[in-house]
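Following: one structure in structure tokens, then a few remarks.
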Amino acid sequence: MEKLQPVRGTRDLIGEDQRRHTQVIDTARRIAALYGFEEWTTPIFEDTRVFSRGLGDTSDVVSKEMYSFTDRGGDSLTLRPENTAGVCRALVSNGLAQANLPRKVFYAGPMFRYERPQKGRYRQFHQIGCEILGAAEPLADAEVIACGWHIQQALGMTEGVVLEVNTLGDAESRDAYREALVAHFSAHATALSADSQVRLAKNPLRILDSKDEGDRKIVATAPDIHPYLTASAAAFYAAVTGYLTAFAVPWRENPRIVRGLDYYSHTAFEFVTDRLGAQGTVMAGGRYDGLVEEMGGPATPSVGWAAGVERLSMLLPEAPPAPRPVAVIPVTEAQEPQALAALRLLRSAGIAAEIGYKGNMKRRMERANRIGARAAVILGEDEVAAGNAQLKDLTTGEQMLVPLAELAALLR
RNA sequence: GCGGCCAUAGCUCAGCUGGCAGAGCGUCGGCUUGUGGUGCCGGAUGUCACGGGUUCGAGCCCCGUUGGUCGCCCCA
């Protein structure tokens with residue numbers, strides 16, 4: 001029979017991998033709650049239009065990178081490639097866009113993109129994210145970034161990670177900037193890489209993050225957006241960065257950060273590291289003032305970010321340790337009832353405890369060691385008769401006789 | 001969609017110019033019938049990724065496929 005393997009770009013989370021994953025999500029959930037975010041869970045698949053609206057036709061995203069399928073009712077459905085669109089759709093579907101804004105949403109869960117896997121990049125991967133829906137104020141941008149920064153701090157990974165911030169301005173600023181960029185790159189068109197010559201026609205902003213050596217020289221002399229900002233867009237950017245400083249979040253300006261889609265405006269930011277090969281972005285986000293309208297809701301200015309759990313897991317300074325239970329060991333079968341009673345006692349006291357299902361005492365000791373038990377509670381005929389147990393510390397090897405009544409307190 | 005590198009035991013890997021399939025770790029058993037982890041002795045484990053080809057003979061050479069990995073494209 002053919003050996004079954006996980007499908008390309010998917011993987012199992014077991015042992016240390018799962019503990020890292022859990023730590024990232026639990027920590028993010030806890031910190032996000034401190035900032036007033038409530039957790040939402042939206043469906044893993046949606047009507048394809050939830051994701052295709054607003055994407056336009058400038059990229060391969062819709063045609064090549066979504067897991068889309070037709071269900072038995074003939075509807076086109078898509079496994080969610082990201083969760084911002086789903087959250088915006090949920091806001092509208094549940095009638096929440098009408099009142100009580102802004103709404104602050106945290107989410108965590110699997111996402112799916114049909115891509116070639118590489119370091120930190122999978123076909124089923126996991127994201128956490130925070131969105132503030134219905135807030136046009138720059139304080140919202142700064143707060144959502146501060147929350148992301150705080151999560152990374154709580155995970156102990158801010159060493160080597162830098163927050164880069166830029167603005168895309170408003171529509172008027174961006175149109176002017178795009179024109180200037182096209183003029184600059186057109187003047188060097190023949191020197192551009194083949195990829196970038198295509199970008200020049202399709203999505204000129206993307207030339208700014210080309211990895212081609214020759215392109216980079218031309219990019220270096222390309223204009224920044226800042227001279228093209230309208231007065232109000234410039235004021236918005238100044239307010240966001242001022243609030244970041246007030247929140248004590250270290251940041252630096254990177255005028256090369258862009259976004260490809262039209263519904264983005266103003267703030268764009270990325271937390272980047274050089275420790276993940278080609279996949280240097282750890283957490284990325286920005287302001288999207290047009291997306292909720294794309295979902296059929298009212299104009300709802302919003303800002304948020306998403307982060308890949310796999311990448312955050314790889315950056316954890318150390319793996320969370322495996323839990324170390326207490327092993328309860330009857331010396332012979334005759335002590336099994338007392339062993340079960342001790343198990344119950346320990347678990348009721350909130351102490352993780354295990355019992356082997358078979359084997360003599362030696363086997364059970366070996367198993368206790370293998371599962372990483374921190375202590376063994378050994379119940380023999382003599383101990384049981386006197387209401388005692390042997391309590392053995394499996395790290396030091398020290399063993400002492402203790403009354404059963406004191407067990408839980410000694411192991412807490 | 002495109003390219004570089006890789007694929008031998010559960011894991012990490014060695015395998016000479018093409019000549020009997022190997023090591024360490026792990027695992028199992030024993031030394032030790034009321035004590036793990038450290039010691040000593042012993043055992044088991046392979047479609048050498050898959051399919052073709054060359055050869056007296058292929059883990060090794062050639063072609064293809066699949067998978068992994070690192071990049072490119074893309075990155076909502």
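Quick note on labels: first sequence line is chain A, next is B, and so on, each numbered from 1. Any value given below was found using the heavy atoms of this structure, including those in side chains, with hydrogens, waters and symmetry copies removed.
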- Message: Check this for me: does the side-chain of A:N369 come within 3.5 Å of the base of B:G37 through a donor and an acceptor?
- Response: no
- Task: Classify the side chain of A:E383 and the base of B:G34 as holding, or not holding, a donor-acceptor pair under 3.5 Å.
- Result: yes
- Task: Could you work out the separation of B:U12 and B:U69 based on their P atoms and round it to a whole Å?
- Result: 12 Å
- Could you work out which one of B:G34, B:A76, B:C73 sits closest to the side chain of A:Q118? B:C73
- Query: If the C1' atom of B:G37 is compared with that of B:G26, how far apart are they to the nearest Å?
  - Reply: 15 Å
- In plain terms, say whether A:E46 and A:R80 are close enough for a salt bridge, that is, a side-chain N and a carboxylate O under 4.0 Å apart. no
- Query: Within less than 4.0 Å of OP1 or OP2 of B:A76, is there a side-chain N or O belonging to A:R206?
  - Reply: yes
- Query: Can you check whether A:R199 has a side-chain N or O nearer than 4.0 Å to OP1 or OP2 of B:C73?
  - Reply: yes
- Would you say a side-chain N or O of A:R11 is under 4.0 Å from OP1 or OP2 of B:U69? no
- Item | Nucleotide nearest A:N203 when distance is taken to its side chain, options B:G67, B:A76, B:C75 | B:C75
- Task: Would you tell me if any nitrogen or oxygen in the side chain of A:K211 comes within less than 4.0 Å of OP1 or OP2 on B:C72?
- Result: yes
- NZ/NE/NH1/NH2 to OD/OE distance under 4.0 Å, A:E164 and A:R252: yes
- Query: Out of B:C73, B:G67, B:G30, which has the shortest distance to the side chain of A:R363?
  - Reply: B:G30
- Query: Does A:E398 or A:S210 map to a spot on RNA chain B nearer the 5' end, using the closest nucleotide for each?
  - Reply: A:E398
- Could you tell me whether the side chains of A:Q18 and A:T22 share a donor-acceptor contact shorter than 3.5 Å? yes
- Query: Of all the nucleotides listed (B:A76, B:U35, B:G71), which has the minimum atom distance to the side chain of A:L261?
  - Reply: B:A76
Contacts table for residues 383-391 of chain A: side-chain donor-acceptor under 3.5 angstrom, sequence neighbours left out:
from	atom 1	to	atom 2	distance (Å)
A:E383	OE1	A:G380	N	3.2
A:E383	OE2	A:Q390	NE2	3.2
A:Q390	OE1	A:Q399	NE2	3.1

- Using Watson-Crick or G-U wobble pairs with both distances under 3.5 Å, give me RNA chain B in dot-bracket, 5' to 3', with [ ] for crossers and | for pairs to another strand. (((((((..((((.....[..)))).(((((.......))))).....(((((..]....))))))))))))....
- Query: Considering only side-chain heavy atoms of A:A278, which listed nucleotide, B:A76, B:G71, B:G34, is closest?
  - Reply: B:G71
- Task: From the options B:U27, B:C75, B:G34, select the nucleotide whose nearest atom is closest to the side chain of A:R121.
- Result: B:C75
- Note on the structure: Of A:Y114 and A:L276, the one whose nearest nucleotide on RNA chain B sits closer to the 5' end is A:Y114
- Query: Can you find an N or O donor on one side and an acceptor on the other, under 3.5 Å apart, linking the side chain of A:R259 with the base of B:C75?
  - Reply: no
- Query: For the side chain of A:Q390 and the base of B:U35, is some donor closer than 3.5 Å to an acceptor across the two?
  - Reply: no
- Note on the structure: Of the listed B:A76, B:G34, B:G71, the closest approach to the A:V331 side chain comes from B:G34
- Message: Does B:C2 have OP1 or OP2 under 4.0 Å away from a side-chain N or O of A:R116?
- Response: no
- Message: According to salt bridge (Lys or Arg N to Asp or Glu O under 4.0 Å), who are the partners of A:K64, at least two apart in sequence or on a separate chain?
- Response: A:D60
- Please work out whether the ring planes of A:Y264 and A:Y288 are parallel, tilted or perpendicular, with thresholds of 30° and 60°. perpendicular
- Smallest heavy-atom separation, A:I151 atom then A:T27 atom, equals O-CG2, 4.3 Å
- Message: Between A:K362 and B:G36, is there a contact of a side-chain N or O with OP1 or OP2 at under 4.0 Å?
- Response: yes
- Task: Please determine if A:R367 and A:E354 form a salt bridge, counting it only when a charged side-chain N lies under 4.0 Å from a carboxylate O.
- Result: no
